[in-house]
> 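Below is one structure. I have some questions about it.
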Amino acid sequence: MIGYNNLFAKTTDGKMIRLSLNEHGFIRNFMLIETAEAKRFAGFTLTKKDLDLVLESIEQMASYEYKLIVKQSLMFFSIVTYAKCFTQNEGARPSLNFDDVFKGAEQKLIDEHKRIMNLRNGYIAHAGNEFDRCYIVGTVVASGWVNLGIDINCQLSHVVSMTPKLEEFKNLCLYVQEAVKKKSDKAFQKLTENTSNLEDDEIKNLVYKIDRDELYEMIESVEPTASGSIRYDFAKTQL
């Protein structure tokens, strides 16, 4: 595995490609691989990234006490992001197939997957009629045998009530993540085999012509994000 530098080339369609320098300080040639195998490998890489984020969110919810709005936001994000891995999309990312991923899986993993998908479909995608409810309760206030009145109060039931099952959600994500890794490794192996068979003339035709006036480095921005996190920008540079 070669090293990559804080140096980027901007392609004609706006992609920022990280570059590598050889032992003499010259830019190594690169090509954009856009075959079916490459897109499949890229899709699995994005799926793994999503599952990593879900696991991080679960860890946050399990480790810290947050206000309801923060906790609910983390839960919404986790549910939507997990479900996205199994949802058909118009992009290049392949969606995971339930029958394929859960073939031979323990029933508790299957049940947890269905629970998460139902939460996504019922709560987030369809306004939450089943999972987000407000109960109007009339509590009878009495003194002895004498009723003094009825106290009307609203009692909210949130999707956050699923929190006690975070461990099950985590185990589910770890299981799916391992399945994705196997698919990703297989796609990478096939991609490597195909590119290793390219002739020198084919490589020459595929190599991207670098515009040395469009070289950039990633720098820390003076302006942080709204939440106070570090923001990074691209700035033009010269080699």
> Could I get the full list of salt bridge (charged side-chain N to carboxylate O under 4.0 Å, His left out) partners for Glu34, not counting sequence neighbours?
none
> Please output the side-chain donor-acceptor pairs of residues 171-180 that fall under 3.5 Å, not counting sequence neighbours, one pair per line with the distance.
from   : atom 1 : to     : atom 2 : distance (Å)
Asn171 : ND2    : Glu167 : O      : 3.3
Tyr175 : OH     : Val101 : O      : 2.8
Gln177 : NE2    : Asp52  : OD1    : 2.5

> For Phe98, what residues pass the side chain to side chain contact (heavy atoms under 4.5 Å, CB included) criterion, not counting sequence neighbours?
Phe102, Ile110, His113, Lys114
> Taking only residues two or more places apart in sequence, or in another chain, which ones meet Lys186 in a salt bridge (charged side-chain N to carboxylate O under 4.0 Å, His left out)?
none
> In chain order, what residues pass the salt bridge (charged side-chain N to carboxylate O under 4.0 Å, His left out) check against Glu106, with sequence neighbours excluded?
Lys108
> Yes or no on side chain to side chain contact (heavy atoms under 4.5 Å, CB included) for Lys183 and Asp100, after CA distance, side-chain angles and deciding distance?
CA-CA 11 Å; Lys183 292 179 178 296; Asp100 182 27; 2.3 Å; yes
> Could you please spell out the steps behind the side chain to side chain contact (heavy atoms under 4.5 Å, CB included) verdict for Ser95 and Phe86?
CA-CA 5 Å; Ser95 61; Phe86 291 87; 5.9 Å; no
> Using 30° and 60° as the class limits, which term best fits the ring planes of Phe41 and Phe188: parallel, tilted or perpendicular?
tilted
> Could you tell me which residues satisfy side chain to side chain contact (heavy atoms under 4.5 Å, CB included) with Lys190, sequence neighbours excluded, listed by chain and number?
Glu37, Asn194
> Rest of the hydrophobic cluster containing Val146 (Ile/Leu/Val/Met/Phe/Trp/Tyr, side-chain heavy atoms under 4.5 Å)?
Val141, Leu148
> Is there a continuous path of hydrophobic side-chain contacts, each under 4.5 Å between heavy atoms, that joins Leu191 to Phe44?
no
> State which residues pass side chain to side chain contact (heavy atoms under 4.5 Å, CB included) with Ala42; sequence neighbours excluded, sorted by chain then number.
none
> Let me see the working for Thr35 and Thr195 under side chain to side chain contact (heavy atoms under 4.5 Å, CB included), right down to the final yes or no.
CA-CA 10 Å; Thr35 60; Thr195 53; over 6 Å; no
> Are side-chain N/O atoms of Asp111 and Gln107 paired as donor and acceptor at under 3.5 Å?
yes
> What donor-acceptor contacts under 3.5 angstrom involve side-chain atoms of residues 14-33, with partners at least two apart or in another chain?
from  : atom 1 : to    : atom 2 : distance (Å)
Lys15 : NZ     : Asp13 : OD2    : 2.5
Arg18 : NE     : Asn5  : O      : 2.8
Ser20 : OG     : Gly3  : O      : 2.7
Ser20 : OG     : Arg28 : NH1    : 2.7
Asn22 : OD1    : His24 : N      : 2.9
Asn22 : OD1    : Gly25 : N      : 3.0
Asn22 : OD1    : Phe26 : N      : 2.9
Arg28 : NH1    : Leu21 : O      : 2.8

> Applying side chain to side chain donor-acceptor pair (under 3.5 Å), can you list everything that pairs with Gln238, at least two apart in sequence or on another chain?
none
> Does one hydrophobic cluster hold both Leu55 and Leu74, with members joined at side-chain heavy-atom distances below 4.5 Å?
no
> Start with the C-alpha gap between Tyr208 and Thr11, add the side-chain angles, then the distance that decides, and say whether side chain to side chain contact (heavy atoms under 4.5 Å, CB included) holds.
CA-CA 8 Å; Tyr208 188 84; Thr11 65; 3.3 Å; yes
> Of the non-hydrogen atoms in Ile69 and Ser73, which two are nearest, and what is the gap between them?
O-OG, 2.7 Å
> Should side-chain heavy atoms under 4.5 Å link Ile, Leu, Val, Met, Phe, Trp and Tyr, which residues sit in the same cluster as Leu46?
none
> Have Asp233 and Ser221 got a donor and an acceptor in their side chains that come within less than 3.5 Å?
yes
> Taking a hydrophobic cluster as the set of Ile, Leu, Val, Met, Phe, Trp and Tyr residues connected by side-chain heavy atoms closer than 4.5 Å, whether directly or through intermediates, do Leu109 and Leu96 fall within one such cluster?
yes
> Side chain to side chain contact (heavy atoms under 4.5 Å, CB included) with Glu199: which residues, sequence neighbours excluded?
Glu202
